[in-house]
Amino acid sequence: MSDLKEKVILVTGGTSGIGEACTELFARSGAKVVAMSIQDEQGKALAERLTGEDRQCIFQFGDVSKEQDVKAAVDLAVEKFGRLDAVHANAGVLRNQKITDITLEDFHLMLDVNLLGPVLLCKYAVPVMEEQGRGVICFTTSVAADIGFPEHAVYGASKAAVVSLMRSLTTDHSPNGVRFVAVSPGTIDTPMLAASCEGWDKPKEELYAEVAKKIPVQRMGQPIDVARTVAFLLSDDAGFIGGSVVHLEGGTLALPPW
Ligand SMILES: NC(=O)c1ccc[n+]([C@@H]2O[C@H](COP(=O)([O-])OP(=O)(O)OC[C@H]3O[C@@H](n4cnc5c(N)ncnc54)[C@H](O)[C@@H]3O)[C@@H](O)[C@H]2O)c1
């Protein structure tokens, strides 16, 4: 298992789906975790569960699109644990729509959470990491940044922007010790995916079985699949991986276009 012992890690969206699996895996690997999200009850319960196992986890309620909330989360990690080794910029939202139906409210929500959130995290985490002379920031993008998905136009654009952000940040800040990487999940079984199936004419289980059959490895991804990869990318073992996107999609991107 990747060595995260004693590492101080901030996970946004760290209380549900992929982020929850990351918070659990990192804390159970010996890291000191600050999990930030807008899910107060879920966050408190998660932190309680992990501290009950003698693991170190603090929940911080906060909206990644609000500058003061992001600064507070970074400050909390540093005040409580003395430094900030890693950030997983994972919080995200998806609103399925055709472009003809998009509301400005949903457009701004997706851009605010999926792009402004990572920008603000870097604004406050990078100076701390540069001062330390080391640190790593992992973004959760999506295969929707690479290939077209129905009703994902603005979501996919917001995730593609994060990949571009990561590459430029690598140019600017990796010479000062900060590494930037991204994971790009395909179809992962989380509450976000379940919500995006609402309104379809089939039950979720039937839809999931159909989707799984189309994925070369014949199953959907689970949050732990992503968490294990992020754990590796945040660890020192991945010290030479910079500016790269790791795809976790069971081979979907390798399929022929017919
Ligand atoms: N599930 C998939 O198939 C899939 C595929 C590709 C990428 N992703 C990406 O993975 C990430 C995690 O998604 P998930 O599937 O685990 O979804 P999820 O809905 O289970 O979790 C999303 C998390 O983000 C948090 N969040 C939402 N808005 C926030 C805000 N304004 N401030 C702080 N936190 C906020 C939520 O509270 C929650 O903890 C997202 O960035 C998503 O876009 C998911």
Side-chain angles (χ1 to χ4, degrees), residues 10-25 33-47 59-74 87-96 105-106 108-121 138-147 149 152 154-163 165-166 182-198 204 207-208 211-212 214-215 219-227 229-230 245-250 252-253:
L10 168 61
V11 185
T12 69
T15 57
S16 172
I18 292 169
E20 181 179 21
C22 288
T23 298
E24 287 180 342
L25 181 66
V33 184
V34 175
M36 175 195 184
S37 81
I38 50 172
Q39 293 167 303
D40 202 33
E41 250 176 60
Q42 222 161 308
K44 284 176 181 156
L46 175 64
F59 168 66
Q60 169 85 349
F61 183 89
D63 179 340
V64 290
S65 68
K66 296 211 166 87
E67 190 157 2
Q68 68 274 18
D69 288 9
V70 173
K71 182 178 184 309
V74 170
V87 170
H88 183 195
N90 167 75
V93 287
L94 165 65
R95 295 286 180 273
N96 291 50
E105 195 185 330
D106 281 344
H108 287 299
L109 177 70
M110 283 188 273
L111 269 290
D112 281 355
V113 178
N114 299 354
L115 179 59
L116 177 60
V119 166
L120 291 173
L121 274 159
C138 179
F139 303 92
T140 304
T141 174
S142 166
V143 290
D146 301 295
I147 51 176
F149 277 83
H152 274 50
V154 172
Y155 174 80
S158 73
K159 293 297 188 178
V162 167
V163 175
L165 176 79
M166 174 195 66
V183 283
S184 179
T187 311
I188 312 291
D189 183 2
T190 69
M192 177 186 282
L193 185 71
S196 81
C197 294
E198 278 164 21
K204 190 185 94 174
L207 275 172
Y208 280 19
V211 169
K214 290 186 182 150
I215 299 172
R219 70 168 176 92
M220 299 212 316
Q222 292 300 321
I224 190 67
D225 291 315
V226 184
T229 302
V230 178
V245 182
V246 178
H247 292 100
L248 290 139
E249 30 61 89
T252 308
L253 291 175

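Because the structure is a prediction, the values reported are computed rather than measured. We count ligands from 1, going down the list as the structure has it; atoms in each ligand are counted the same way.
With distances taken over non-hydrogen atoms, the option nearest atom 29 (C) of ligand 1 out of V226, T141, V11, I38 is I38. Proximity annotation for atom 25 (C) of ligand 1: of G43, G13, G221, G13 comes nearest, heavy atoms only. For atom 27 (C) of ligand 1, the nearest non-hydrogen atom from the set G62, G14, G92, S37 belongs to G92.
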Taking it one step at a time, do H152 and N96 satisfy side-chain contact (heavy atoms from CB on, under 4.5 Å)? CA-CA 6 Å; H152 274 50; N96 291 50; 3.7 Å; yes

M166 and T141: CA distance, side-chain angles, deciding distance, side-chain contact (heavy atoms from CB on, under 4.5 Å) verdict: CA-CA 10 Å; M166 174 195 66; T141 174; over 6 Å; no

Carefully, step by step, assess D63 and K66 under the rule salt bridge (charged side-chain N to carboxylate O under 4.0 Å, His left out). CA-CA 6 Å; D63 179 340; K66 296 211 166 87; 3.5 Å; yes

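Closest protein heavy atom to atom 17 (O) of ligand 1: M192 CB, 3.2 Å. Protein heavy atom in closest approach to atom 20 (O) of ligand 1: S16 OG, 2.5 Å. Atom 5 (C) of ligand 1 has as its closest protein heavy atom G186 O, 2.9 Å. If you check which protein heavy atom lies closest to atom 14 (P) of ligand 1, you get T190 OG1, 3.6 Å. Scanning all protein heavy atoms for the shortest distance to atom 3 (O) of ligand 1 gives I188 N, 2.9 Å. In terms of protein heavy-atom proximity, atom 10 (O) of ligand 1 is closest to T140 CG2, 3.2 Å.
Counting all heavy atoms, side chain and backbone alike, N90 lies closest to T12 at N-OG1, 2.9 Å.
Residue contacts with ligand 1 include K159, since one or more of its heavy atoms lies under 4.0 Å from the ligand. Within the structure, the closest approach of V93 to ligand 1 falls below 4.0 Å when heavy atoms are considered. Within the 4.0 Å heavy-atom shell around ligand 1 one does not find D189. Heavy atoms of D63 approach ligand 1 to within less than 4.0 angstrom.
For the pair L46 and F59, the minimum side-chain heavy-atom distance is 4.5 Å or more. Side-chain contact between L115 and V162: present, with at least one pair of heavy atoms (C-beta onward) separated by less than 4.5 Å. The shortest distance between side-chain heavy atoms of L193 and I188 does not fall below 4.5 Å. Looking at Q42 and S37, their side chains never come closer than 4.5 Å, going by heavy atoms from C-beta outward.
Considering both main-chain and side-chain atoms, V143 never comes within under 3.5 Å of ligand 1 through any nitrogen or oxygen pair. Checking only distances, Q39 does come within under 3.5 Å of ligand 1, N or O to N or O. Looking at G19 next to ligand 1, no N or O pair under 3.5 Å apart turns up. The N/O atoms of P185, backbone and side chain alike, include none that comes under 3.5 Å of an N/O atom in ligand 1. Of the N or O atoms in I18, one or more lie within a sub-3.5 Å distance of an N or O in ligand 1. Checked against a 3.5 angstrom limit, the closest N/O atoms of T187 and ligand 1 fall outside it. An N or O contact shorter than 3.5 Å links Y155 to ligand 1 by distance.
Between the side chain of T190 and the main chain of I18, no donor-acceptor pair closer than 3.5 Å is present. Side chain of S184 to backbone of V143: a donor-acceptor contact under 3.5 angstrom is found. Judged by distance alone, the side chain of T140 and the main-chain N or O of V183 form no donor-acceptor pair under 3.5 Å. No side-chain donor-acceptor contact under 3.5 Å links D69 to the backbone of F61.
Which parts of ligand 1 touch G17 is read off a 4.0 Å heavy-atom cut-off, strictly below it: atoms 16 (O), 20 (O). Using a 4.0 Å cut-off to heavy atoms of T15, the atoms of ligand 1 that qualify are 39 (O).
Contacts with ligand 1 closer than 4.0 Å are made by heavy atoms of both the backbone and the side chain of N90. Contacts with ligand 1 closer than 4.0 Å are made by heavy atoms of both the backbone and the side chain of V64.
At a cut-off of 3.5 Å, with distance as the only test, a side-chain donor of N114 or S158 sits close to an acceptor on the other residue.
Within a 6.0 Å sphere centred on CD of Q68, heavy atoms belonging to other residues, nucleotides or ligands number more than 12.
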